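In what follows, residues are counted from 1 in the order of the sequence shown. Quick caveat, the model's predicted, so the values are computed rather than measured.
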Amino acid sequence: MVIPFARLMAAAGQGLLIALLLRHQGKRNTMRLSLTGFLAVSALVSIVAIVLEGMPESGWLRQTATYGWAISLVPLFILTAAHGKWDRNRPVAVALVAWLILLILVTQLAPATSLIAPGAGRLLLFPELNIGGLFFLLCWAAMAAGLVAVVLYRSAQARLPLHANRLLHWAGALALVFAGQFFFSLQGFVPSSIGAMILLLGSGGLVYGVISYHVFDIQNLGRLTLGHLVSITVIAAVIIAAVLAAAALTNQTLSGEAIPTVIGLALFLGTIYRFGSARIDRFITRTIIAQRYDAAAIVETYARTIGNILDIETLSSVAIDTIRDVLGFRNGAMMLVKVDNNTAVVLPAGGAGRMQDSLMSFSVAGPIFAHFVEKRRPLLQYDIDVLPEFQSLTKKQRLWLVEMQAAVYVPIMTDGLPIGLLAIGPRDSGAPYRGSELQLLQVLAGQSVGALTNARLFDDMKNLNAEIQLLNEDLRLSNERLQHMDLAKSDFITIASHELRTPLTQVKGYTDLIEAMIEADSLTSEQARRLTGRVSRAVDQLDRVINSMLDASQIDVDAMALSLAETKLDAVLRIAVEPLAEAMRERRLALSITGIRNLPPIMADFQRLVQAVSNLLLNAIRYTPDGGRITISAQVLQDERNADGEIELIIADTGVGIDPRDHELIYQKFFRASDPQLHSTGGTDFMAAGPGLGLAIVRGIIQAHGGRIWVESEGHDPERCPGSEFHLVFPIKPGEGQ
């Protein structure tokens with residue numbers, strides 16, 4: 001038996017490919033295991049084909065080999081799905097297994113009648129081309145063509161050129177494998193050695209695609225090949241035209257046998273000239289390969305353009321636009337990198353197209369920044385997607401990088417660390433970035449170091465100035481508040497001395513009078529009653545001032561004790577209004593109360609609420625001119641923070657109003673909006689005033705109940721009297737701890 005050399009080489013080649021694959025295996029993943037299975041099946045079929053040369057036309061060995069190519073589709077599909085990172089491929093795998101079972105059944109049950117004349121050729125793995133064999137060929141060809149078509153479709157849909165190139169290489173390798181299997185199976189139609197070599201070539205392409213993350217650029221190879229063919233054809237046409245012209249001028253006639261020789265010689269000379277002509281090479285490079293830039297001129301223009309830009313966003317836009325005009329892409333951005341301890345925060349600063357504008361944090365020791373620090377060269381998004389060292393990135397980081405829509409990241413380095421990145425999107429032409437273009441980007445990134453450093457310093461200076469302005473404004477406001485408080489304390493000394501001296505003077509005067517009348521034996525019981533009553537009122541006034549001071553001190557140390565009980569707001573208002581009713585009648589002040597009776601009871605300290613409402617009513621009486629109006633209204637508010645709701649009490653007047661600048665200051669202790677020299681001790685007289693503690697106590701009481709207080713007033717105008725509205729909001733049931 002003569003051993004077919006080509007089939008032996010195919011079997012040996014498959015074995016060598018398995019050894020090469022195992023050598024580069026590293027870890028036992030799905031792709032390498034599937035490819036090893038396919039190579040093993042291919043080697044087995046090659047060996048069976050050699051054995052079948054000397055065996056009868058039928059037998060179990062031939063039937064086993066018959067289904068070898070069909071079975072090989074299973075590992076090829078698993079391999080292709082893993083290579084392309086397809087999702088939801090389990091149903092397809094199940095359908096493929098079902099198809100194999102159906103194929104075996106139909107092939108076994110089909111009639112054995114041959115469909116071709118004897119001696120016209122046969123299938124190596126079939127005795128004759130019968131219906132079963134034809135069904136096998138059709139099904140196998142459909143599945144093979146479908147698998148190649150899906151890979152080509154995925155290649156056309158790939159976002160990045162390098163992903164598309166990797167899938168295109170895989171589709172080409174699959175096509176070679178299927179073509180080799182087809183020709184390998186034929187005998188009598190074409191030499192089966194052709195199929196064996198094609199199969200071995202396709203298998204080598206699959207192994208190369210698995211063990212190498214960067215496959216050769218098929219599209220660029222096609223462009224280069226097309227460029228060479230065009231150039232050689234043009235040169236050959238010129239040579240042939242010259243030969244024909246020379247023959248015509250010398251009245252010579254070329255024979256039909258000489259014409260092929262002339263054409264062949266012209267093509268040979270054109271080939272030599274093509275690879276020896278630098279001028280034609282530059283023409284092909286510029287017109288077909290589309291490299292149309294002068295690197296030195298671009299670097300000079302770029303450095304001159306960005307050199308004096310201090311605004312970061314402007315710098316980013318100008319830099320990206322300049323690079324885009326050269327390389328032709330749609331999306332791009334300059335990104336700032338701020339390193340803090342072991343974390344690098346990346347934030348896009350502006351650019352062109354639609355790119356991610358949110359920040360993302362990366363570890364300085366992580367794979368991306370380790371690449372920049374150690375290798376100091378651009379990083380392709382393709383590398384991030386396929387290289388094992390980048391698989392440790394988090395899902396959030398990968399999603400951020402995908403949404404960035406960049407094809408390459410170029411570090412802007414200083415002192416061994418990146419201070420920025422150039423994120424460059426895919427080229428509009430669909431071509432990947434090649435070595436010369438990546439080198440150009442790296443040079444441009446180096447030219448960006450000074451401009452970006454200056455822009456960041458300028459931006460930091462602007463931010464610092466803004467912070468200083470804010471601090472100055474806060475300092476100014478604090479000084480104003482301190483001045484107000486200092487003035488308020490001075491006023492308090494004046495007012496408190498007046499408030500305390502007046503009742504003390506009355507007490508001393510009346511007691512001296514009583515003592516003198518007793519010594520003169522002229523004091524009657526009626527006179528004693530009237531005099532002691534006046535002393536008692538002076539003591540009560542003194543007691544109120546002292547109690548106000550004590551209440552204010554409790555607010556300072558947050559020591560205001562509350563005795564919570566179920567309280568009706570109408571009872572609070574009734575007790576608060578009753579002692580002030582006479583004063584309102586004397587001053588002809590109208591009082592109206594609405595929305596009080598239907599309010600639900602609240603959990604509150606009855607005496608403290610009476611004190612708060614009394615102070616607000618007393619303020620309204622003092623600062624409302626005679627004949628004015630005071631209105632009290634209330635309503636229930638729904639609040640998400642408190643399921644039981646809140647009550648809002650509004651005390652409004654038609655008084656002189658409060659300046660908006662004083663809306664917060666009025667709650668400070670000792671503060672008075674009016675001149676303390678105009679202080680009056682009339683209690684309820686117009687523009688009379690106390691020691692300046694009433695509103696501070698009111699806010700302390702309301703806040704102790706878990707509520708809040710604010711005032712609304714257009715301004716202070718004694719002539720127009722715009723009035724004021726004090727809003728008290730407190731929960732129906734204070735929370736725990738109130």
Side-chain angles (χ1 to χ4, degrees), residues 6-50 64-86 89-90 92-97 99-101 103-104 124-125 136-137 139-152 154 166-185 192 195-212 215:
R7 297 173 189 168
L8 181 62
M9 288 294 296
Q14 303 289 345
L16 290 176
L17 290 176
I18 292 176
L20 179 63
L21 188 64
L22 293 176
R23 179 182 176 185
H24 289 80
Q25 188 165 0
K27 59 180 182 180
R28 301 177 63 83
N29 56 27
T30 303
M31 293 181 62
R32 289 182 171 85
L33 289 175
S34 301
L35 184 52
T36 301
F38 165 74
L39 294 174
V41 172
S42 297
L44 179 63
V45 172
S46 299
I47 295 173
V48 170
I50 295 173
T64 301
T66 299
Y67 305 113
W69 298 145
I71 295 173
S72 70
L73 280 173
V74 176
L76 278 180
F77 171 78
I78 298 174
L79 177 63
T80 303
H83 183 273
K85 297 181 179 180
W86 297 351
N89 49 35
R90 188 185 298 270
V92 180
V94 173
L96 185 60
V97 174
W99 169 80
L100 283 174
I101 297 174
L103 177 63
I104 294 174
L124 174 66
L125 304 180
F136 169 83
L137 280 178
C139 289
W140 172 82
M143 295 298 295
L147 189 58
V148 174
V150 170
V151 177
L152 288 174
R154 292 293 183 103
R166 184 173 174 85
L167 291 173
L168 192 61
H169 166 270
W170 192 260
L174 286 178
L176 287 176
V177 166
F178 294 137
Q181 289 179 342
F182 178 76
F183 290 123
F184 187 93
S185 301
S192 60
M197 293 298 100
I198 294 176
L199 175 61
L200 185 59
L201 180 62
S203 300
L206 294 180
V207 173
Y208 172 65
V210 169
I211 66 177
S212 176
V215 298

Worksheet entry | Residue pair L73 / F178, side-chain heavy-atom distance below 4.5 Å | yes

Discussion item. Can you confirm whether L201 sits close enough to M197 that some side-chain heavy atom of one is under 4.5 Å from a side-chain heavy atom of the other?
Written reply: no

Practice prompt. For the pair L79 and V210, evaluate side chain to side chain contact (heavy atoms under 4.5 Å, CB included) and give the outcome as yes or no after the intermediate values.
Written response: CA-CA 9 Å; L79 177 63; V210 169; 4.0 Å; yes

Practice prompt. For H169 and G205, work out which heavy atoms get closest and say how close.
Written response: CE1-O, 3.1 Å

Worksheet item: Are any of the side-chain heavy atoms of L39 and L206 separated by less than 4.5 Å?
Response: no

Practice prompt. Please list, chain by chain and in numerical order, all residues satisfying side chain to side chain contact (heavy atoms under 4.5 Å, CB included) with L152, sequence neighbours excluded.
Written response: V148, L168, A171

Worksheet item: Out of curiosity, T80 OG1 to L174 CG, how far, rounded to the nearest 0.5 Å?
Response: 4.5 Å

Worksheet entry | Non-hydrogen atoms of S72 and V41 that approach each other most closely | CB-CG1, 4.1 Å

Worksheet entry | Distance-minimising heavy-atom pair for P75 and S34 | CB-O, 3.4 Å

Practice prompt. Dump the intermediate steps for side chain to side chain contact (heavy atoms under 4.5 Å, CB included) on I78 and L33, then the final yes or no.
Written response: CA-CA 10 Å; I78 298 174; L33 289 175; over 6 Å; no

Item to complete: For L17 and G204, work out which heavy atoms get closest and say how close.
Response: CD1-N, 3.6 Å

Practice prompt. Identify the two heavy atoms, one from V207 and one from L20, that lie closest to each other, and give their separation to 0.1 Å.
Written response: CG1-CD2, 4.2 Å

Discussion item. Can you tell me how far apart OG (S203) and CG (L16) are? Round to the nearest 0.5 Å.
Written reply: 12.0 Å

Response to the item:
Shortest non-hydrogen pair, R166 vs G209, comes out as NH2-O, 3.2 Å

